[in-house]
Each structure stands twice: as structure tokens, then as C-alpha cells.
Amino acid sequence: MLVNLSGKSALVTGSTQGIGAAIAAGLAGAGARVAVNGRSADSVAAAIERLREQCPEAEFVAAPGDIATEDGARQVRDALPHADILVNNLGIFGAQPALEISDDDWRRYFEVNVLAAIRMTRAYLPGMKENGWGRVQYIASDSAVVIPAEMIHYGVSKTALLAVARGFAKDAAGTGVTVNSVIAGPTHTGGVEDFVYELVDKDLPWDEAQREFMRTHRPQSLLQRLIEPEEIAHMVVYLASSFASATTGGALRVDGGYVDSILP
Ligand SMILES: NC(=O)c1ccc[n+]([C@@H]2O[C@H](COP(=O)([O-])OP(=O)(O)OC[C@H]3O[C@@H](n4cnc5c(N)ncnc54)[C@H](OP(=O)(O)O)[C@@H]3O)[C@@H](O)[C@H]2O)c1
């Protein structure tokens, strides 16, 4: 199965690092023209420089803007007026005791993790429907299904994204546009290594350290290692391709078997 996305334009929100950057590289590697998004022009320019080293043939568009605001979303839309593929990857997370999450924190998680994705969907889905082809994806999390006690605001925002994906898939029914969410599991992104070494023996090499971390602190994982960002990107690239034309309204898991369920 050789995915060819040449001629397609893609926007990946929150793509200056981590899973978003891996998705940007994956889509670009398959031939798409990829718009890179982050809050500042500098972080986006630096990310594009790194991506160009990985994919020298690819075309990247700088699309800076804080999409948790209407102005920022407009700025991104100006940089990329049409997208065939929209990957709503932006998401923030952090631990906080349930009873200490303030109204403002709840609002912030809704605005950044949910509303920003809805806003970008409203911006690009009509054009995709008009063209009769498009792909919208939302990067959710195992926390959408297994609500973590230490970050219920994050979990709730990710559960909401599953519903948002299902809802917009209905809106796009019969148009040639597919809409899905991807349930990502614990992934090896910036900061995670430090977090792992806070909990296991600092002298262990990374491979053993992460296995020890997973065995002790994430025993539900069937993979028993962290997921690499590229492994999430592979699912996103497949879903963005024509090969996935019959998959819509779904929640697809790349969680290393973390969620103990047969269905999502
Ligand atoms: N990491 C995991 O283990 C894991 C597991 C399951 C699901 N996920 C989900 O996967 C997604 C990516 O996670 P990650 O760990 O790769 O994230 P990350 O490393 O924290 O990266 C976040 C990205 O979002 C950008 N960003 C932050 N606020 C923004 C805003 N308001 N507007 C535009 N861009 C903004 C940042 O760029 P700038 O700093 O340049 O603005 C950065 O590129 C999230 O939705 C997360 O919930 C992650």
C-alpha cells in the first residue's frame, strides 16, 4: 500500500514538536503540502527547518497562530485558505487534583482542546465538502475512555473530541469527506523522558527505563513500551489516504492496547 498525497494540502495544528511534528513529517513524506502551526512565527519557522531536513523534497507552509482564539484561527486560515486534510492535533495536558480544577481551568481545556478543533473544522470542512473529498481527524487519547483521576478536565476534553468527530462525520455524510478520531496512547514526546527518569532508576538506558516505567506505572499497556510519535503518524497518514475511504465516524486506537476494551 503506497500512500500518495501529492496535490493535497494539509494543516496539522500544534505541529512544532511532538506528535504533531511527526504527523507533519508523515504527511509531507507521502507528498502532501503541509501547513505547520504553533503559537509563534519563530517556533513555526524552526520546526519547518527541522522538517525540511527530514523531508527535503516536501513543501511546507508557515501557519502560525494561537487557534484557541478567533484571531489566531483567522491568521492560520489566511496562511492556508484551503485544506484537503485537517489534523486537529493541538492539545494541552497537566495533572491537577479533581476538586482543585477551577472554572477558568475547565474553560481553558475546553477552549484549547475542543473549541479550537471545532473552529478549524468550521473553517475547512465546507471547502472539502464542496470539492467532494476531504479528511478531518482529531487526536484524542486513551484518557478519553479511561478518565485519569489526576486530570479529569483533560479526559473530558478528549471524550468530547470523540463526540465532535462522530457529529461532524454525520454532517459530512455522503460528501466524500471522512471524519475520524485517533485514540493515541502514552507516547514518547518531549518531557516524557524526564518524567520517566523521575520514576525509575536514572542509570538505566532509555530502552530499559521505559520498559520498567511501563511495567510498574502503566501495567495496562499491552505494548509495554511508550509509543513513538511516528507510530501515531502512520495511522493518521493512512486515514488521510484514499485507502481509508470507507472509514468515517470512527475512533481508531493507536494505544498499544492500553484501553482494556474490544471496542473503543
Ligand atoms: N504525549 C502523549 O503521551 C499523548 C498521549 C495521548 C494523546 N496525546 C495528544 O496528542 C496531541 C499532541 O500531544 P504532544 O504531547 O505531542 O504535544 P506537545 O509536545 O505538548 O506539543 C504541543 C504543540 O501544540 C502547540 N500549541 C500549544 N498551544 C497552542 C495554541 N494555542 N495554538 C496553536 N498551537 C499551540 C505547541 O507549539 P508552540 O509551543 O510552538 O505554540 C506544540 O507544537 C495532543 O492533543 C495530546 O493530547 C498525547
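Here the structure is a predicted model, which means the values were calculated and not measured. Both counts, for ligands and for their atoms, begin at 1 and track the order of listing.
- The residues lining ligand 1, counting any heavy atom closer than 4.0 Å, are G14, S15, T16, Q17, G18, I19, N37, G38, R39, S43, G65, D66, I67, N89, L90, G91, F93, I139, A140, S141, Y154, K158, A184, G185, P186, T187, T189.
- With respect to R211 and E208, no salt bridge is recorded, no charged nitrogen being found less than 4.0 Å from a carboxylate O.
- Shown here are the side-chain contact (heavy atoms from CB on, under 4.5 Å) partners of F110, two or more places apart in sequence or in another chain: V114, L115.
- No more than 12 heavy-atom neighbours from other residues, nucleotides or ligands sit within 6.0 angstrom of CG on D260.
- Applying the ring-ring contact (aromatic ring centres under 6.0 Å, His included) rule to pairs touching residues 156-189 yields H188-W206, sequence neighbours excluded.
- Between H153 and Y109, the ring planes lie tilted relative to each other; the angle falls in the 30° to 60° range.
- R225 pairs by the salt bridge (Lys or Arg N to Asp or Glu O under 4.0 Å) definition with E231, not counting sequence neighbours.
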